[in-house]
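We count residues from 1, following the sequence as given. Everything quoted here is computed from the prediction, not taken from an experiment.
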Amino acid sequence: MARKPRFTWPPSGDEKKQFHAEVAAPAAILQALGADIEVGRSEGSGTALGATAEALEEWLRARASGMGGLVAGGARSWNQPQLIMAARGLVFGDWGDAAELMAMQAGRIPGQGAAQWLDGEEPRSTDYDPFRWAAELVFASDRAPAEMRADAREVLRRQLGLALLGAVQWTDQGDDFRNARGELWYRGPTLSPVGERSPKTSNPDQVGLFCRFALGAADLCDREGFAGAVADLVGADLLIEPQILSPFDDPNLALKLLGTAKVFGEFRFVEYPEGRLTYRPKQLNPNTPSALWSWADHATRRQTRGFPFDPSLKNRGEGAPRSVGCGIEDGEIVARSTDDKWTARFKLPTSTPLWSIVVDEQGARFESGGGPVPKPVDPPVDPPPPTPEIDLEALVAAVIALGAQDDQTLPAVALVRAEQWQKASEAVAGMMVPIRNQTLRDELAVRLGKLAVDG
């Protein structure tokens with residue numbers, strides 16, 4: 001079995017970040033679940049004053065458990081609000097918007113704004129998947145209200161489906177999973193690192209949770225952190241039928257799990273006889289550099305990643321290089337950034353692919369080698385809720401979040417408040433917004449126009 005970790009808050013080295021959401025919220029979750037965690041240490045340990053159980057609770061009490069930023073988009077983090085919702089739910093019984101967000105992400109009710117996409121504007125992330133999956137495990141557990149559990153479990157199935165498309169059943173035999181003595185600290189399937197804000201080649205919590213979800217195995221990873229501890233404490237189990245011994249050979253299973261899920265941007269998965277190619281044509285969130293392609297070689301059992309940045313640097317902040325895309329050129333998969341020195345190339349096999357799949361803002365589908373997408377696995381059985389009333393303030397917030405100048409934003413807001421939907425739709429459609437928000441602008445304009453038709 002995996003080693004049961006002992007935690008401290010704040011962790012050593014993170015004293016200055018003790019009230020960052022990704023440090024404090026996990027501490028509150030672990031404490032509420034009864035993990036082995038020491039909250040607050042003596043002044044002599046070097047911990048900043050105020051690191052106490054009372055200070056942690058005070059911080060959490062001041063947080064909001066809404067999803068407004070997630071719906072409005074604008075490259076907002078999709079892990080921090082969910083961590084806070086899970087923490088506040090466990091500590092105060094305030095689950096905020098978690099039930100509605102899970103229903104949107106599960107596809108049971110229409111998604112609003114960026115919530116129409118699985119994980120909003122940052123799908124698949126070696127950095128953030130463990131945080132999000134852990135929060136969703138809490139929402140799916142018996143600690144959460146019964147009405148959100150089925151939806152949260154469906155969201156986890158969708159997460160597993162997207163991860164499965166880039167996963168291979170063998171363990172990478174390179175250095176990523178080896179300790180200083182050359183021994184493997186992980187012995188499970190290898191996941192693709194391709195995603196938004198994905199600078200790592202591997203994350204122990206991510207692969208540990210994946211093994212629990214896909215194989216029902218908790219003993220394939222010797223390093224366990226926050227997410228693995230949450231999985232143990234809430235009793236995470238298989239998300240697929242246990243009789244499926246190898247979920248990696250047939251992509252139809254991944255498509256069943258994904259169901260109607262859509263993602264921001266585009267992922268492509270191509271299976272050759274020699275290995276599996278995963279790539280993302282564009283990195284859409286510039287905050288953290290990402291691996292834009294990976295090649296999993298079946299013969300050597302090695303995975304290579306296309307990371308067009310200097311791996312010794314954080315590549316963040318003013319003047320940092322930016323991704324300029326990824327694609328297949330003359331038989332090579334090529335990822336580029338504004339620093340040409342780190343262009344990442346790999347010569348692909350000349351064999352005919354066995355299948356290829358695209359997952360984008362329209363959903364998941366075969367491009368070659370497969371049939372129609374089957375029905376989702378185990379859809380939630382809860383009846384759909386009644387159609388919600390129009391939330392004017394949410395629509396106003398969505399208009400403001402587009403980031404246009406006041407001379408365009410204020411008239412559009414006034415039209416929304418007056419419920420002049422057709423004029424509001426036309427005003428939004430003509431707004432000059434940042435490039436990253438143009439898709440959101442167009443979708444909001446369509447949504448407002450639909451209100452005019454429905455009215």
*Working to the nearest 0.5 Å, report the span between CD of Glu136 and CG of Asp151.*
11.5 Å
*Working to the nearest 0.5 Å, report the span between CG of Leu184 and CG of Asp222.*
9.0 Å
_Tell me if the NZ atom of Lys341 is crowded by more than 12 foreign heavy atoms within 6.0 Å._
no
*Does the side chain of Pro123 reach to within under 4.5 Å of the side chain of Arg280, using non-hydrogen atoms?*
yes
*Give a yes or no answer on whether the side chain of Ser294 reaches the backbone of Ser192 with a donor-acceptor pair at less than 3.5 Å.*
no
*Just checking, Arg88 and Phe92: is the charged tip under 6.0 Å from the six-membered ring centre and within 45° of the axis?*
no
*Minimum side-chain heavy-atom gap Glu100-Ile109 below 4.5 Å*: yes
*Heavy-atom check, side chain of Pro289 versus side chain of Lys314, under 4.5 Å*: no
*Does a side-chain heavy-atom distance below 4.5 Å link Leu215 with Pro189?*
yes
_Quick one: does any side-chain atom of Asp297 pair with a main-chain N or O of Arg302 as donor and acceptor, under 3.5 Å?_
no
*asked:* Donor-acceptor check, side chain of Asp97 to backbone of Leu101, threshold 3.5 angstrom: yes or no?
replied: no
*Minimum-distance pair of heavy atoms, taken over all atoms of Asp127 and Thr288*: OD2-CG2, 4.3 Å
*Worked check of side-chain contact (heavy atoms from CB on, under 4.5 Å) between Tyr279 and Leu292*: CA-CA 5 Å; Tyr279 69 102; Leu292 295 183; over 6 Å; no
*Only counting residues at least two apart or in another chain, list the ones meeting side-chain contact (heavy atoms from CB on, under 4.5 Å) with Arg336.*
Val324, Glu329, Val334, Thr343, Arg345
*Taking NZ, NE, NH1 and NH2 as the nitrogens, is one of them in Asp360 or Arg365 under 4.0 Å from a carboxylate oxygen of the other?*
yes
*Lys/Arg-Asp/Glu bridge criterion (N-O < 4.0 Å) met for Asp237, Arg153*: yes
*asked:* Rounded at 0.5 Å granularity, tell me how far CG in Leu451 sits from CG in Leu395.
replied: 6.5 Å
*Does the Thr338 side chain pair with the main chain of Arg322, one donor and one acceptor, at a distance under 3.5 Å?*
yes
*With rounding to the nearest 0.5 Å, note down the distance linking CH2 in Trp78 to CE in Met67.*
8.5 Å
*What heavy-atom pair brings Leu440 and Ala72 nearest, and what distance separates the two atoms?*
CD1-O, 3.4 Å
*Please report the C-alpha distance between Arg132 and Glu122 in whole Å, then the side-chain angles of each, then the deciding distance to 0.1 Å, and finally whether the salt bridge (charged side-chain N to carboxylate O under 4.0 Å, His left out) criterion is met.*
CA-CA 11 Å; Arg132 297 187 294 225; Glu122 46 183 34; 3.4 Å; yes
*Atom pair OG1 (Thr278) and CD1 (Ile357), whose distance is rounded to the nearest 0.5 Å*: 10.5 Å
_Salt bridge flag under 4.0 Å for residues Arg149 and Asp142_ = no
*Does the Glu196 side chain pair with the main chain of Asn285, one donor and one acceptor, at a distance under 3.5 Å?*
yes
*Could you tell me if the ring centre of Phe19 sits under 6.0 Å from that of Trp9?*
yes
*Is the side chain of Asn315 donor-acceptor paired with the backbone N or O of Asp310 at a distance under 3.5 Å, no angle test?*
yes
*Say you draw a straight line from CZ of Phe269 to OG of Ser356; how long is it, rounded to the nearest 0.5 Å?*
11.5 Å
*asked:* Determine whether a donor-acceptor pair (N or O, by modelled atom type, separation under 3.5 Å) exists between the side chain of Ser125 and the backbone of Gly195.
replied: no
*Between Val270 and Pro353, what is the shortest heavy-atom contact and its length?*
CG1-CB, 3.6 Å
*Do the charged groups of Lys17 and Glu22 touch, with an N to O distance under 4.0 Å?*
no
*Using 4.0 Å as the upper bound for N to carboxylate O, is an ion pair formed by Arg447 and Glu443?*
no
*Go through the steps to decide whether Glu271 and Arg276 satisfy the test salt bridge (charged side-chain N to carboxylate O under 4.0 Å, His left out), and finish with yes or no.*
CA-CA 5 Å; Glu271 178 74 0; Arg276 186 166 305 181; 2.7 Å; yes
*Indicate yes or no: at least one non-hydrogen side-chain atom of Leu56 is less than 4.5 angstrom from one of Gln31.*
yes
*Considering all heavy atoms of both residues, which atom of Val155 and which atom of Ala106 are nearest to each other, and what is their separation?*
CG2-N, 3.6 Å
*State, without any angle test, whether Gln173 and Arg178 hold a side-chain donor-acceptor pair at a distance under 3.5 Å.*
yes
_Assess, by modelled atom type and distance only, whether the side chains of Ser65 and Asp94 contain a donor and an acceptor separated by less than 3.5 Å._
yes
_Side-chain ion pair, Arg268 and Glu367, N-O less than 4.0 Å_ = yes
*For Glu361 and Phe264, what are the C-alpha separation, side-chain angles and deciding distance, and is it a side-chain contact (heavy atoms from CB on, under 4.5 Å)?*
CA-CA 6 Å; Glu361 295 170 23; Phe264 185 53; 3.7 Å; yes
*Would you check, one step at a time, whether the test side-chain contact (heavy atoms from CB on, under 4.5 Å) holds for Tyr128 with Gln82?*
CA-CA 11 Å; Tyr128 297 124; Gln82 291 182 86; over 6 Å; no
*asked:* side-chain contact (heavy atoms from CB on, under 4.5 Å), that's the test. Do Arg143 and Leu90 meet it? Break it down for me.
replied: CA-CA 7 Å; Arg143 309 291 186 102; Leu90 290 170; 3.7 Å; yes
*Using 30° and 60° as the class limits, which term best fits the ring planes of Phe131 and Phe226: parallel, tilted or perpendicular?*
tilted
*Any side-chain heavy-atom pair of Arg158 and Gln105 under 4.5 Å*: no
_Ser337 (side chain) donor-acceptor with Pro308 (main chain) under 3.5 angstrom_ = yes
*Write down the atom of Trp293, the atom of Cys326, and the distance for their closest heavy-atom approach.*
CD1-SG, 3.8 Å
_Any non-hydrogen side-chain atom of Ser290 less than 4.5 Å from a side-chain atom of Val194?_
no
_All pairs passing side chain to side chain donor-acceptor pair (under 3.5 Å) where residues 160-172 contributes a residue, at least two apart_ = Gln169-Ser246, Trp170-His298
*Does a side-chain heavy-atom distance below 4.5 Å link Pro145 with Trp95?*
yes
*Do any N or O atoms from the side chain of Asp205 and from the backbone of Pro130 form a donor-acceptor pair under 3.5 angstrom?*
no
*Please determine if Arg6 and Asp36 form a salt bridge, counting it only when a charged side-chain N lies under 4.0 Å from a carboxylate O.*
yes
*asked:* How close do Ala296 and Gln303 get, counting heavy atoms only, and between which atoms?
replied: CB-OE1, 4.1 Å
*Does the pair Arg212 and Asp232 meet the rule for a salt bridge (charged side-chain N to carboxylate O under 4.0 Å, His left out), with working shown?*
CA-CA 10 Å; Arg212 287 168 168 85; Asp232 291 337; 2.8 Å; yes
*Between Ile29, Leu233, Leu209, which is the residue that forms a side chain to side chain contact (heavy atoms under 4.5 Å, CB included) with Leu137?*
Leu209
*Could you pull out all residues at least two apart from Trp133 that satisfy ring pair (Phe, Tyr, Trp, His ring centres under 6.0 Å)?*
Phe213
*Salt bridge or not for Lys256 and Glu241, using N-O below 4.0 Å?*
no
